[in-house]
Amino acid sequence: MGGEILQPPRGTRDFYPEDLRRRNWLFDHFRETARLFSFEEIDAPILEHAELFTRKAGEEIVEQLYHFELHDRHLALRPEMTPSVARMVMARAGGLRLPLRWFTVTQNWRYERMTRGRLREHYQWNMDVWGEPGVSAEAELIQAIFILLDRLGLPRGAVRIRVNSRALLEESLRRSVLASRPEAFAPLCIIIDKISKIGSDAVVGLLSDPAGTVALSRSEALEVVAMLDARNLDEAARLGGEGSQALADLRRLFDLIDAIGRADDLVFDASVVRGLAYYTGIVFEAFDARGLLRAVCGGGRYDRLLPTLGGKAVPAVGFGFGDVVIMELLADHGLTPEIRREIDDVVFGFSEEQRVAALALASRLREQGRSVQTVLGTPKLKKVLTDAGQDGARRVWILGPDELARGVATVRDLISGEQHEESLAT
RNA sequence: GUGGGUGUAGCUCAGUUGGCAGAGCACCGGAUUGUGGCUCCGGGGGUCGUGGGUUCAAUCCCCAUCACUCACCCCA
């Protein structure tokens, strides 16, 4: 059976019941964490006009778009959720009370080569705050990430968050190598995002490539890379100089995170800029403290996204948190949950003679809100009990000729093994 | 794109210096005419990824091909 058709396309996944229970377990934690912060859930189509995503900054996420033309429309599967949320905010910009706290749990697509932790489709939890320019929004989002990690069972310190400010870097560059062409800042960030993966020499090469998007001189590129070495706020202060708003924001953010007792898990890292073009201020990413896996999640402030889409500026900050890397990380920590199926009642009539009574009983139980499985066909009681146990049922209602004659059902509790009779009369 | 590893039962895998294909789990039946989770006994199930070559004989050796997977390259 040449099984190509049996497999889902490369980079995509099937979710059998046990897989979906585990996925829902994760999503439930996403949603419950969002609820703890009073965020509202929204959704949007998985398909959008391709123009919503196409930007000219050399981002891989745009190059890896799943897209096609149909009836003169250029459509794309969303590679990330932020543009769709931005579109929804923009469409009702006049009528929304700010600040908004919205979250999503969505499937996203990107066409790329697979490696551990990277698939072509994945699910992502997004939390965004719209309309708040201050870092209290960032602090709330970072706190939510920490709370989620706690809820999933990860020990403190297993995941930390690196934080930086593109604004700080931009202030500095505008006074130096980008003084005459500030528009090169976004493509520059795209390149230096790669520094931990390809090394500083390669980044210098890309920044100083005369045919590239930034085209600095070699000495300028070296100067930029040197700025990325800062690993604490005092070193960062040399970049921003006194009176820097970006530096003040960073300091304030650390104070706020310190107030919730998680300062040890937040680290400044000037080389973190994230790979999306639209970030403007604070950027952050959660990472595996062992350094073995890709970023667990990432986000930042994107105050100028709406204007680039043709709307009025609304300050915004958010993060995306994927399902793949976190499950890998939990697996590495031995924290992958086994989620059992749960059924309240199994109702079994021995033969067609008891079918009507069995269905009536099942209906009554369902009206009480219980999860009820009626046994299909007329298998032997032994198989019914075996299956019920396997399926995680709490009890089995047995309706045989004896019971029916007396107007009762035998109720077997599968956990205790005890049995008793209950009247079938309502 | 480069290199490595792996494709054998539904699942996880063993195996043969080339000689009719195995285990555990799962499934089905029985011990238990209407009582599961333990135990015992029995059973069904595989063109050994695909195509070609060598050979009396190939799951095993050779070539090709496809798929999966890891690393690199590349990067949300």
Side-chain angles (χ1 to χ4, degrees), chain A residues 1-13 16 18 53 57-66 78-82 108-124 126 189-199 202-203 206 272-279 283 285-287 292-300 319-325 328 340 346 348-351 353-354 375 378-404 409-420:
Chain A
M1 277 149 278
E4 200 164 312
I5 202 172
L6 293 181
Q7 292 166 340
R10 185 198 299 258
T12 67
R13 296 167 289 173
Y16 285 89
E18 60 274 24
F53 304 118
E59 295 170 289
E60 196 187 48
I61 200 168
V62 172
E63 292 155 9
Q64 296 175 337
L65 213 53
Y66 269 95
R78 60 181 171 221
E80 55 153 341
M81 198 57 191
T82 301
N108 300 322
W109 294 81
R110 58 186 173 206
Y111 189 83
E112 65 182 338
R113 199 170 299 285
M114 283 179 60
T115 59
R116 186 181 188 195
R118 308 193 82 199
L119 304 176
R120 289 178 178 177
E121 57 84 20
H122 71 137
Y123 289 83
Q124 200 173 64
N126 271 250
C189 286
I190 304 301
I191 291 173
I192 63 182
D193 175 53
K194 304 173 184 177
I195 194 161
S196 67
K197 299 140 191 165
I198 63 178
V203 165
L206 288 172
V272 170
V273 296
R274 304 300 300 157
L276 294 172
Y278 50 66
Y279 288 129
V283 285
E285 63 188 22
F287 64 100
L292 298 180
L293 298 174
R294 304 172 50 75
V296 170
C297 77
F319 67 80
F321 191 117
D323 67 316
V324 180
V325 174
E328 295 268 6
R340 298 262 307 159
V346 168
F348 174 54
F350 269 74
S351 70
E353 310 298 316
Q354 292 85 37
V375 175
T378 52
K380 294 181 176 177
L381 178 59
K382 179 187 172 76
K383 177 170 171 53
V384 170
L385 292 171
T386 304
D387 287 351
Q390 290 289 322
D391 289 346
R394 299 275 303 281
R395 54 192 84 76
V396 177
W397 298 65
I398 300 166
L399 285 169
D402 300 348
E403 284 85 357
L404 217 52
T410 296
V411 183
R412 181 175 180 84
D413 185 311
L414 291 181
I415 294 157
S416 67
E418 290 167 4
Q419 292 190 181
H420 68 279

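We use all heavy atoms of the structure for the numbers below, so side chains are in, but hydrogens, waters and symmetry mates are not. The chains referred to below are lettered A, B, ... by the order of the sequence lines, with proteins before strands, and numbering in each begins at 1.
When the side-chain contact (heavy atoms from CB on, under 4.5 Å) test is applied to A:Asn126, the partners found at least two apart in sequence or on another chain are A:Met81, A:Thr82, A:Thr104, A:Gln124, A:Asp128. The salt bridge (Lys or Arg N to Asp or Glu O under 4.0 Å) test applied to A:Arg120 returns no partner, not counting sequence neighbours. Residues passing the ring-ring contact (aromatic ring centres under 6.0 Å, His included) test with A:Phe53: none are found, sequence neighbours excluded. For A:Phe287, there are no ring-ring contact (aromatic ring centres under 6.0 Å, His included) partners, not counting sequence neighbours.
Rounded to whole angstrom, the span from the CG atom of A:Asp402 across to the P atom of B:G34 amounts to 12 Å. Rounded to an integer number of Å, the gap from A:His420 NE2 to B:U35 P is 19 Å. What separates CD of A:Glu328 from P of B:U69 is a distance of 11 Å, to the nearest Å. Between A:Glu418 atom CD and B:G37 atom P there is a gap of 18 Å when expressed in whole angstrom units. Taking atom CZ on A:Arg395 and atom C1' on B:U35, their separation rounds to 17 Å, with Å as the unit. Rounded to a whole Å, the CZ atom of A:Arg113 is 14 Å from the C1' atom of B:U69.
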So which protein nitrogen or oxygen atoms get under 3.5 Å of nucleotides 27-31 of chain B's nitrogens or oxygens?
residue : atom : partner  : partner atom : Å
B:C28   : OP1  : A:Lys383 : NZ           : 2.7
B:G30   : OP1  : A:Lys380 : NZ           : 2.6

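Side-chain nitrogen and oxygen atoms of A:Arg274 include none within less than 4.0 Å of the OP1 or OP2 phosphate oxygen of B:A76.
Paired runs in RNA chain B that reach 3 or more consecutive Watson-Crick or G-U pairs, where each pair keeps both distances under 3.5 Å, cover B:1-7 with B:66-72, B:10-13 with B:22-25, B:27-31 with B:39-43, B:49-53 with B:61-65.
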